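Remarks on the structure that follows.
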Amino acid sequence: MEIGIVPLIFLYVLSCIWITYSCLLSTEQSTFSLFFTDKIPRILLFLISKLFGTKGVYFAKKVADKLLAIIYLVIVLGAWSVMFTYGYEFIGKSPHVDSRHKLSGYLVFLTCMWSWRKASTSSPGYITEQSIPKYDNYPYDNLLYVNKNCPTLGFRKLPRSKYDRFTNRHVARFDHVCGWIDNTVGEENYRIFLMFLLVHIGMCAYGTVLTYWLFKGEVQDRDLFNAIFFNGQTGEEVQANFWVISHFIFMKNFHLCAVFLLMGAMSVALGLFFLFHLYMVCKGMTTNEYYKWRQVRKWHKKEANKYMAAVIEGKVKDASLRNGYAGMGEMLDVDVGCVGPTNADSRSTLRSNEVRNETMNPGPFPENIYNLGIFENLKEVIFPRSLSIDAKEQYAAALATVEIRGKHTNKNISNKPKIK
């Protein structure tokens, strides 16, 4: 009987480690990350192309864009179905859990679904040529962002913005593309995304604790630690202990135990993921910028080591000479998901400068000019600059100017003499 529960606990711990590593610790160049985010999808698309051709690949990519959202709904609705079917019956029979938790459960379920719907339909802040005045609220740092036009849409690329190829639109203060909500996260809906995470952390933690109380109450009511158990295969008497009782509870409440383990694992994973985003907010970074800064940090460390080695070897006469970041190369825009760049073609956000061969001092590590302090950074998330009264007034004034110019142009065209 002990053999059954030990692998279960092992798989539970392993799943927690896997989710935590995948979401937080793995680097975009790691073999583990590449295997799940690039190699497996490529193999699947290759097999689909062999079986169904180009139309099959096109359909598979369309489904893949919605796949995580579908998986989310299957898991969440399936888990709640188990809770409504088995958990609520358990609550009705248990004297250790108040029956009012049934009502609160319905409220938590509705809040969960509402938060997902809100996060999946909210606009991240789409930039058009006409709405530039509304979103032009950050300066260029000339490191991550330089003043140039978007090569795809043709208008000026604003600081902290990025072209999103999934929606074919430019997103203000782009953070990442979240497959679980099937939406892009940007300046205007980042706060909603964080709310979505908090709601689901609370839901999983609440469900985990409530289910634990139910199981603990059954152990106490049945006095299972003093009960006699028998091995189902040999018929021998087995002394009650934690593993034996856990196995008994699991087999008796299989569906509810599965949901209990899932909620426990997701409480840990989502909690760590939320702390990761909170860390980035406090540092004045988006997910997109976090991975850009990682590339800058790697470049700076490499160049600083190279320069110090050259100084020691006497290849550089004046150690005060400084080239800054002129030789760093161009910072690229790549697809960014929940765990960073999403495919092998976009693993590096930095294009090296092949022209520069000499060893130069990279200087001190640059400061993030968008980091205004913890409280100001939090304020920008809760109250986005693009939704401020000033930004809306600038946008309205720009639209009025465009409308006046349009009327003036039409009037001039109508006043032109007609040639008979």
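Because only heavy atoms are used, hydrogens play no part in the values below, and waters and symmetry mates are left out as well, while side chains stay in. Predicted, not measured: the structure shown is a model, and the values here were computed from it.
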Donor-acceptor pair, Glu187 side chain versus Pro384 backbone, under 3.5 Å?
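No, the answer is negative, given that no donor and acceptor are paired below the 3.5 Å cut-off.
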What I want to check is whether the side chains of [X] and [Y] have a donor and an acceptor closer together than 3.5 Å.
X: Tyr138; Y: Arg173; result: yes
X: Asn168; Y: Tyr163; result: yes
X: His101; Y: Tyr88; result: no
X: Ser120; Y: Asp182; result: no
X: Asp175; Y: Thr287; result: yes

Can you tell me if CG on Leu51 sees more than 12 non-hydrogen neighbours from other groups inside 6.0 Å?
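Counting other residues, nucleotides and ligands, CG of Leu51 exceeds 12 neighbours.
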Is the cationic atom of Arg160 (NZ for Lys, CZ for Arg) positioned less than 6.0 Å from the six-membered ring centroid of Tyr145 and within 45 degrees of its normal?
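Relative to the ring axis of Tyr145, which defines the angle, Arg160 lies outside at least one limit.
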Pick from Tyr72, Phe274, Trp180: which one makes a ring pair (Phe, Tyr, Trp, His ring centres under 6.0 Å) with His200?
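With His200 as partner, Tyr72, Phe274, Trp180 yield a single ring pair (Phe, Tyr, Trp, His ring centres under 6.0 Å), made by Tyr72.
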Between [X] and [Y], does any side-chain N to carboxylate O distance fall below 4.0 Å?
X: Asp136; Y: Arg156; answer: yes
X: Glu289; Y: Lys292; answer: no
X: Glu188; Y: Lys134; answer: yes

Minimum heavy-atom separation for His300 and Pro362, please, with both atom names.
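Heavy atoms only, the tightest pair is CD2-CB, 4.0 Å.
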Apply the test ring pair (Phe, Tyr, Trp, His ring centres under 6.0 Å) to residues Phe84 and Tyr106: give CA-CA distance (whole Å), side-chain angles for both, the deciding distance (0.1 Å), then the verdict.
CA-CA 9 Å; Phe84 290 146; Tyr106 288 122; 5.2 Å; yes
Tyr190 vs His277 aromatic rings, parallel, tilted or perpendicular, using cut-offs 30° and 60°?
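Judged by the thresholds at 30° and 60°, the geometry between Tyr190 and His277 is tilted.
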For residues Phe229 and Phe248, establish whether the separation of their ring centroids is below 6.0 Å.
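Centroid distance Phe229-Phe248: below 6.0 Å, so yes.
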